[in-house]
Structures are given as structure tokens and as C-alpha cells.
Asks: 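My structure is below; once you've seen it, I'll send some questions.
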Number of protein chains: 2
Amino acid sequence: MKITNPTQQAAVTTADKVFQQMQHAIVEGEIAAGSKISEPELAKRYQISRSTLREALNRLEKCHLIERKANVGSRVVTCTIEGLLELYITREALEGMACRQAAKNMSDEEILHMQDMLKIHAQTQDLKDGVAYYQEEGNLDFHYKVILGSHNKQLIELICGQLYHLVRMYRCQFGMHSPRASRAFDEHANIIQAIADRDGELAEMLMRRHIAASRKNIENKIAQEIAHKEQANIVLIKS
Amino acid sequence: MKITNPTQQAAVTTADKVFQQMQHAIVEGEIAAGSKISEPELAKRYQISRSTLREALNRLEKCHLIERKANVGSRVVTCTIEGLLELYITREALEGMACRQAAKNMSDEEILHMQDMLKIHAQTQDLKDGVAYYQEEGNLDFHYKVILGSHNKQLIELICGQLYHLVRMYRCQFGMHSPRASRAFDEHANIIQAIADRDGELAEMLMRRHIAASRKNIENKIAQEIAHKEQANIVLIKS
DNA sequence: AAAACAGATATTGTCGACAATATAGGCGCT
DNA sequence: AGCGCCTATATTGTCGACAATATCTGTTTT
């Protein structure tokens, strides 16, 4: 599962490399969410000086993966349900608008390319052996293509450069391999159709519903899990 | 004209102070847009070491006021018309959603407080002596209140913490003291009404139109200015 | 015994120096 | 004379040490 962010430029400086390593480590939970970051310890672990580490930390802060307090230190962000919902609300706004702009600004070639991509995903799904692929990489591919298609640097930077690392972190931490692949596939197809028709208003609405549906799916799932745990607790209390 | 960002916490470290100073300097054009940043020179000017300066630069980069390239250096962002339009598109998406959330999440007290604020602005406008005040501080006050009213940390951070510095920069650089104060006032009133009615859908739509109107107003103004300059050029050529 | 103060320890913020990389200017070559 | 290469200079990236601030621990005081 190698998902590379299209806006992420090649790491040239060592601070860049450490940043990317830590980014992966945080997203995948190797560095625990909510844990405090010890600069001396991490500097030793990555064999770099504290200055370089701090440079990396600054970039992690930029994509909202850690939080800093002056004279106190840095903490990895905690994954809360509220945070997840807020993130999806924000995505709905930004990606919705990106989709509207994509309908306006994408070139015909770009649209064709995206339609081709969808066909490949359809085959992959038919074969049923690449569901995980489709859900992870394919899904991201689709969203990235739409966002880049907006041709709006501000939107691209905000979504791809900042939000999506957090999105991936939540996906990993909450173990979300959502089982709504086939429905999502149809939604993707409809969105692409709206873009091809240059219907920005519809494209935005569909993208917003697509993301909102994903959010509601998560809400339900979490509600179920909580209900599960509470039932378990009741059993414990009774025994 | 002292506009303080509500999310901006008190500067405690020297890097913070330098960051704020440079922020103002860039927004108001004292440090020219598009100019290259010389670390040694600025470190001397602010009487700090390069490490501290770089810390400040990192924060400036976070709110999109400078751009860095590895092994090359930092530049102040350039204010282009495309950039301005992209910024407004992004605002439309984010503040629209923030407004929808505000209609959902603001407390009754908050709404009352905002209505009071509007009354004060109305008086100020009636007196006709504080037009500049209304346009600058009052306008920002209104938007800040709505954004904070969303109670969505993600949205608040993105808009208040990052985008609004750029917005202010564009306002200064392009000398925008838009003369649509009275219309904007009415629009504000309608938005607050929608929020008070807890009509999130309408509130979002009104906010989006409000920002889009502002954007179109700018587009027209710039188009006029260009026409003006070209006419001036023609005169020059003829002479 | 609990709270508050004081000192000890650890962590973060800042500094100046060195190493690596890019830019500018002069030299030779075609 | 124009182009490209190579050296010299300047700028950025990285390092280790010191200063300032916060945290922890043990003692004292009410």
C-alpha cells in the first residue's frame, strides 16, 4: 500500500527525509497518537541533531499531525470522533468546491484520463481480488485527480498538502476499510459524468453527498462499536 | 487599524514576536511582495540569530505568506489576480460551510451577541464617520464571529489561522476598501437572520453569495484598472 | 496530613560555527 | 563574439553548546 501524495515533492534535505519517515510513522500509529514528542530521544533515534528534528517537526505541524505549545513541547494529535467529523465537514466543503472547479477547469484530456482510470477500477473490482486496492489507492487516486483538476493551487495545497495526511491517519487509527466500495464506485462514476458534462453545480453536490455519505457511514459504525462495548460492560458488571 | 486574529495566541517566545512583526510587515507591504528573503540580513535587522529567524519563517510559511525552496531560499508570495480569485473561491467554500455549521452549533447567547454587534455597526454606518472602521474591522469582526460560531476547530484553524492573513495582504496590496459597505451590511444582516432561524442551508448559500459578490466586485474593479492603464498607454504611444 | 515553597532535573528556545549546496563572475574554447 | 566550464562567493542546511523555562521531588509550614 504505497500511496504517494501528488503534491509531495522529492525529499532533498535530511529534514525532509525525517519528516516523511515520521509522517508515515504517525499516520500508521508507530508513533502513538496523543503521545508526547521528546526531541532529544527522537533526535537520537533518527541520528540527527535537534535543529534538524525541529525542522521536521515544523512540517509535521503544518499538516496538523502534531501540536506544539511554547516552552512545553509537541504532542501527536489525538484521534477523536469529533475531530474526525470536523475533518469530514471540512473535506465536504473543500472537495465539493474543488469538484465544481474541476468541472469548469479540467481539460478534455484530463477528463478522458480520469474516465480511463475509472474503467480500470471497474475491472479491478469485477475481479474481486483487488478490493483493498480499490478502496485505498483507487479511492485516493480518484479524489486526488478531481482536486488537481480544479487547477486551484490554494485548494490543492489545503487538501492534498494538509488535510489528507490527517485523513489517512484517521483511516489507519480507526481501522476504516469501509465496505461501501461498490456504492462508492457508482458515486465516483456519477461525479465524473457531471464533470464531463461541465455541470459544476451538480458535480459539487454529488461530491458533497459522496463525502457526507462516507461520514455518516463512519458515524454509524462508531455508534455500533460503542453500543457493543457498552453491552460488554454490562455483562462485566453483572458477573 | 488594529485587527487582531482571535486564534492568534500571545507571543511568548522571541521567534513568535519576530513572526508577528514580519507578518505585519509583509501584509502591509513593508517587505515587498515577491521579494527574496535574505536570512542573514533579516537576522541582523531583527537582532536575532538565524535559527530563531528560521523558526519565524516556518510560521510565515504555514500561513502561506512566504514560500520556500530547498537549498534556494524563501520568497514573499506574489499577489496575482489569479491567486486572489483562487483565494476567494476557497473562502467561499470554507466560510460557506462554517456559516452552515454556525447555524447549527452557535449558542443562543452567541447569536444575540452577534445581533448586538450588527446594531452597533448600523449606528456607526448611520453616523457616516466610521465607514473605514466598518469596512475593515467591522467586516472582519462579523466574519470571525461566524467562523468561530461554527465550533469546528478544523475550519477555524484553516480560515482564521491561515487564509485570513493572505486575505488581509491582498486587501492592502491591491488597496481594496470596497465601496459596497451598505450592500454588505444588508447581506450580513440576512446571514445573521438565517443563523438565528437555524437555517443552515440558507445561511451557507447567503454567505457564499456574499463572498462571491465580493469577488466579482474585485474582478470588475481590476478589469477597470487594466482598461484605464491601457488607455493611458495608448495616450503615451500617441504622444 | 495537605498545601505550598524551594531546589534539582529535564526539556525547550536561542546562539554561533561549520558543512553542503547554489549563484555569480571570470576564464578558456569554438 | 558567444557559449560553456570552472572557480570563488554567498546562502542555506546542519550541528553541538548554552540560556531560559517548565516539571518533578523533597522539604517545610500551617
Side-chain angles (χ1 to χ4, degrees), chain A residues 7-26 30-78 161, chain B residues 7-26 30-78 161:
Chain A
T7 61
Q8 201 157 359
Q9 59 232 356
V12 37
T13 174
T14 61
D16 276 324
K17 290 170 200 159
V18 173
F19 161 65
Q20 290 189 0
Q21 286 183 49
M22 290 188 71
Q23 198 180 24
H24 276 91
I26 290 175
E30 292 166 37
I31 300 178
S35 65
K36 186 170 182 327
I37 289 196
S38 163
E39 291 184 8
E41 185 202 319
L42 280 179
K44 225 189 317 179
R45 184 182 327 168
Y46 288 104
Q47 304 274 28
I48 55 175
S49 94
R50 261 186 60 228
S51 318
T52 308
L53 178 74
R54 281 165 70 85
E55 183 72 34
L57 292 183
N58 269 316
R59 284 175 225 184
L60 289 171
E61 194 186 5
K62 245 189 307 206
C63 48
H64 303 232
L65 290 177
I66 69 172
E67 286 166 347
R68 282 174 82 188
K69 261 193 273 184
N71 286 318
V72 174
S74 314
R75 298 197 87 89
V76 179
V77 294
T78 53
Chain B
T7 61
Q8 201 156 1
Q9 57 230 356
V12 38
T13 174
T14 61
D16 277 324
K17 290 170 200 157
V18 173
F19 161 64
Q20 290 189 0
Q21 286 183 49
M22 290 188 70
Q23 199 179 21
H24 276 90
I26 289 175
E30 293 166 35
I31 300 177
S35 65
K36 185 169 184 328
I37 289 195
S38 162
E39 291 184 8
E41 185 202 319
L42 280 179
K44 227 189 316 179
R45 187 186 321 173
Y46 289 104
Q47 303 275 27
I48 55 175
S49 95
R50 261 185 60 226
S51 319
T52 308
L53 178 74
R54 282 163 70 84
E55 183 72 34
L57 292 183
N58 269 315
R59 284 176 224 183
L60 288 171
E61 194 187 5
K62 245 187 310 204
C63 47
H64 303 229
L65 290 178
I66 70 172
E67 286 166 346
R68 282 175 82 187
K69 262 192 272 183
N71 286 316
V72 174
S74 314
R75 298 198 88 88
V76 179
V77 295
T78 53

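Each chain gets a letter, A, B and so on, in the order the sequences are listed, and its residues count up from 1. Model, not experiment: these values are computed from the prediction.
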Asks: Excluding sequence neighbours, so at least two apart, what forms side chain to side chain contact (heavy atoms under 4.5 Å, CB included) with B/Ala32?
Replies: B/Ser35
Asks: Test of understanding: with salt bridge (Lys or Arg N to Asp or Glu O under 4.0 Å), list the residues that count as partners of B/Arg50, not counting sequence neighbours.
Replies: B/Glu39
Asks: Run the side chain to side chain contact (heavy atoms under 4.5 Å, CB included) test against B/Glu41 and tell me which residues pass, sequence neighbours left out.
Replies: B/Ser38, B/Arg45
Asks: Please list, chain by chain and in numerical order, all residues satisfying side chain to side chain contact (heavy atoms under 4.5 Å, CB included) with B/Ala15, sequence neighbours excluded.
Replies: B/Thr13, B/Thr52, B/Glu55, B/Arg59
Asks: Quick one: what's the B/S/- string for nucleotides 8-18 of chain D, heavy-atom cutoff under 4.0 Å, read 5' to 3'?
Replies: ----BBBBB--
Asks: Residues two or more places apart in sequence or in another chain: which of them pass side chain to side chain contact (heavy atoms under 4.5 Å, CB included) with B/Glu30?
Replies: B/Ala25, B/Glu28
